[in-house]
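What follows is one structure encoded as structure tokens, with my remarks underneath.
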Amino acid sequence: MGNKEYLAGMTLDELKAVASRVSLPGYAAKQMAEWLYRKKIRDISEMTNIAAAKRELLSEYYETGITPPAKAVRSVDGTVKYLFAAGDGARSVESVYIPSKDRATLCVSSQVGCRMNCLFCMTGKQGFTAQLTANEILNQIQAIPEHDELTNIVFMGMGEPLDNADELFKALEILTAPYGYAWSPKRITVSTAGIIPGLKRFLKESGCHLAISLHSPYHEERLALMPVEKAYHIDSIIDLLHQYDFSHQRRVSFEYILFEGVNDSERHAKDLAKLLNGVACRVNLIRFHAIPGVKLRGSNERKMELFREQLNAHGVTCTIRISRGEDIFAACGMLSTAKNQKK
């Protein structure tokens, strides 16, 4: 591998620069993009409509950068957690394939670790190690055996996507552009804790769905759960959302983990509905999955159902998300590669 650059993860403009470097005509950039993103090749030698001598020259400087996962663990419910090497191989990330009756979703990571340090999240406990490149983001999608079965992608894995905005938007461009995977933006959801500069850019530049981690309608309570609240107040996030129309194709949802005796009261439901008033959205209630060293406990099933009913009664569409992959530490908030980093 040496110091070769990776082609997968390059935009069309970047591939044009590659073509120029090896004296290929400009249209070769589209040919390379088709091989990389449509035909999903793993080696430059497979680009058979490019002259053999030019392929050899390309191979001197570049490789596709599509590498298989280092490990796969399967849950009893069919969920599969994949481990990928990142950077120089001393770091790693996890992604999760979630098949269901009518869809196949991949939960993708954007960072090694996370800077947000949310109280309830194992990735946050790991700390931040590195940003993933567009290549490392897309490799999670393309390198799994089920890549052709995928119907949806959610950026809800390790890391805060909008804290790695440049590489995220590059990956989103390639995922949705005609020269790339040509996915509909409506098949992709980006989750965020509410990084407002990145959120503004996302709302202007992307047509993908948005999910915001909320977990409390109250500033002080959310701050105790999510330190990011100190920099980006939930009221400011809601004010920003009011400037955009979510009543048509692009959707916004709010992720709300229910913690017993913390944020699951009728008062919380009422004030949450009040906070979200005027934003066309839905609330996804999520079960808390216990993690080491955290005393929080998840609300029971009846409490979750009651909270959902209260929100619905206040005019907020609310659903309870089905928990998947808990037995392999693949459920929401459970991804961590801290042990791998230590090794």
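Numbering of residues begins at 1 and proceeds along the displayed sequence. The shown structure was predicted, so the numbers you read here are calculated from the model rather than taken from an experiment.
- Between the side chains of Glu229 and Tyr218, no donor N or O sits under 3.5 Å from an acceptor N or O.
- With hydrogens and angles ignored, the 3.5 Å screen pairs no side-chain donor or acceptor of Asp264 with any backbone N or O of Ser299.
- Using modelled atom types and a 3.5 Å distance limit, the side chains of Asn263 and Glu221 yield no donor-acceptor pair.
- Remark: side-chain polar atoms of Glu60 are not paired, donor with acceptor, to backbone N or O of Leu57 under 3.5 angstrom.
- Taking the side chain as every heavy atom from C-beta outward, Leu162 and Phe155 never approach each other to under 4.5 Å.
- Taking both residues in full, the closest heavy atoms of Cys208 and Arg250 are given as O-CD, 3.0 Å, listed atom of the first, atom of the second, then distance.
- The residues Glu34 and Arg38 are annotated as not salt-bridged, no charged nitrogen and carboxylate oxygen being separated by less than 4.0 angstrom.
- Side chain of Ser206 to backbone of Phe202: no donor-acceptor contact under 3.5 angstrom is found.
- The closest side-chain heavy-atom distance from Ile212 to Thr192 is below 4.5 Å.
- Within a 6.0 Å sphere centred on NZ of Lys186, other residues, nucleotides and ligands contribute more than 12 heavy atoms.
- Remark: the backbone N or O of Thr319 is not paired with any side-chain donor or acceptor of Arg308 at under 3.5 angstrom.
- Here Phe259 and Phe120 bring their ring centres to under 6.0 angstrom of each other.
- Considering OG of Ser95 and CE of Met156, their distance stands at 14.5 Å, rounded to 0.5 Å.
- Side chain of Thr64 to backbone of Arg42: a donor-acceptor contact under 3.5 angstrom is found.
- Put simply, the side chain of Glu136 does not reach to within 4.5 Å of the side chain of Phe84, judged on heavy atoms.
- Residue pairs meeting the side-chain hydrogen bond (donor to acceptor under 3.5 Å, both in side chains) criterion with at least one partner in residues 96-105, sequence neighbours excluded, are Tyr97-Glu149.
- Glu46 and Lys39 are not joined by a salt bridge, as no carboxylate oxygen comes within less than 4.0 angstrom of a charged side-chain nitrogen.
- Using a 4.5 Å heavy-atom cutoff, the side chains of Val18 and Tyr61 are not in contact.
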Stepwise salt bridge (charged side-chain N to carboxylate O under 4.0 Å, His left out) test for Glu5 and Arg21 = CA-CA 13 Å; Glu5 293 183 59; Arg21 182 180 184 185; 3.6 Å; yes
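- Residues Leu311 and Leu276 have side chains not in contact (no heavy-atom distance under 4.5 Å, counting atoms from C-beta outward).
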With side-chain contact (heavy atoms from CB on, under 4.5 Å) as the test, would you mind laying out the steps for Ile257 and Leu296 before giving the verdict?
-> CA-CA 11 Å; Ile257 300 175; Leu296 293 168; over 6 Å; no
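- In this structure, the side chain of Gln140 engages the main chain of Ser109 through a donor-acceptor pair within 3.5 Å.
- Between Leu150 and Trp183, the closest side-chain pair of non-hydrogen atoms falls below 4.5 Å.
- For Arg282 (side chain) and Arg251 (main-chain N/O), no donor-acceptor pair under 3.5 Å exists by modelled atom type.
- The CD atom of Gln31 sits 11.5 Å away from atom CG of Leu36, with the distance rounded to the nearest 0.5 Å.
- Residue Lys30 places its NZ atom among 12 or fewer non-hydrogen atoms of other residues, nucleotides or ligands, all under 6.0 Å distant.
- To the nearest 0.5 Å, the span separating NZ on Lys4 from CD on Glu63 amounts to 6.0 Å.
- Using modelled atom types, one finds a donor on one side chain and an acceptor on the other under 3.5 Å when comparing Tyr181 with Gln142.
- Interatomic distance, CD of Gln126 versus OG1 of Thr123, reported as 6.5 Å (0.5 Å rounding).
- Around atom CD of Glu301, more than 12 heavy atoms belonging to other residues, nucleotides or ligands sit under 6.0 Å away.
- Judged purely by atom type and a 3.5 angstrom limit, His314 has no side-chain atom pairing as donor or acceptor with the backbone of Val316.
- Within the 4.5 Å cutoff, no side-chain heavy atoms of Glu160 are placed close to those of Arg115.
- Salt-bridge check for Glu309 with Arg302: passed, with a basic side-chain N closer than 4.0 Å to an acidic carboxylate O.
- The backbone N or O of Lys81 sits nowhere less than 3.5 Å from a side-chain atom of Glu94 that would complete a donor-acceptor pair.
- In this structure, a donor-acceptor pair under 3.5 Å is present between the side chains of Asp43 and Ser45.
- At least one side-chain heavy atom of His268 sits less than 4.5 Å from a side-chain heavy atom of Pro217.
- Taking CG of Leu214 as the reference point, atom CD1 of Ile238 lies at 6.5 Å (rounded to 0.5 Å).
- No donor-acceptor distance shorter than 3.5 angstrom exists from the side chain of Arg287 to the backbone of Gly298, with no hydrogens or angles considered.
- Going from atom OG of Ser75 over to atom CZ of Arg324 covers 7.5 Å, rounded to the nearest 0.5 Å.
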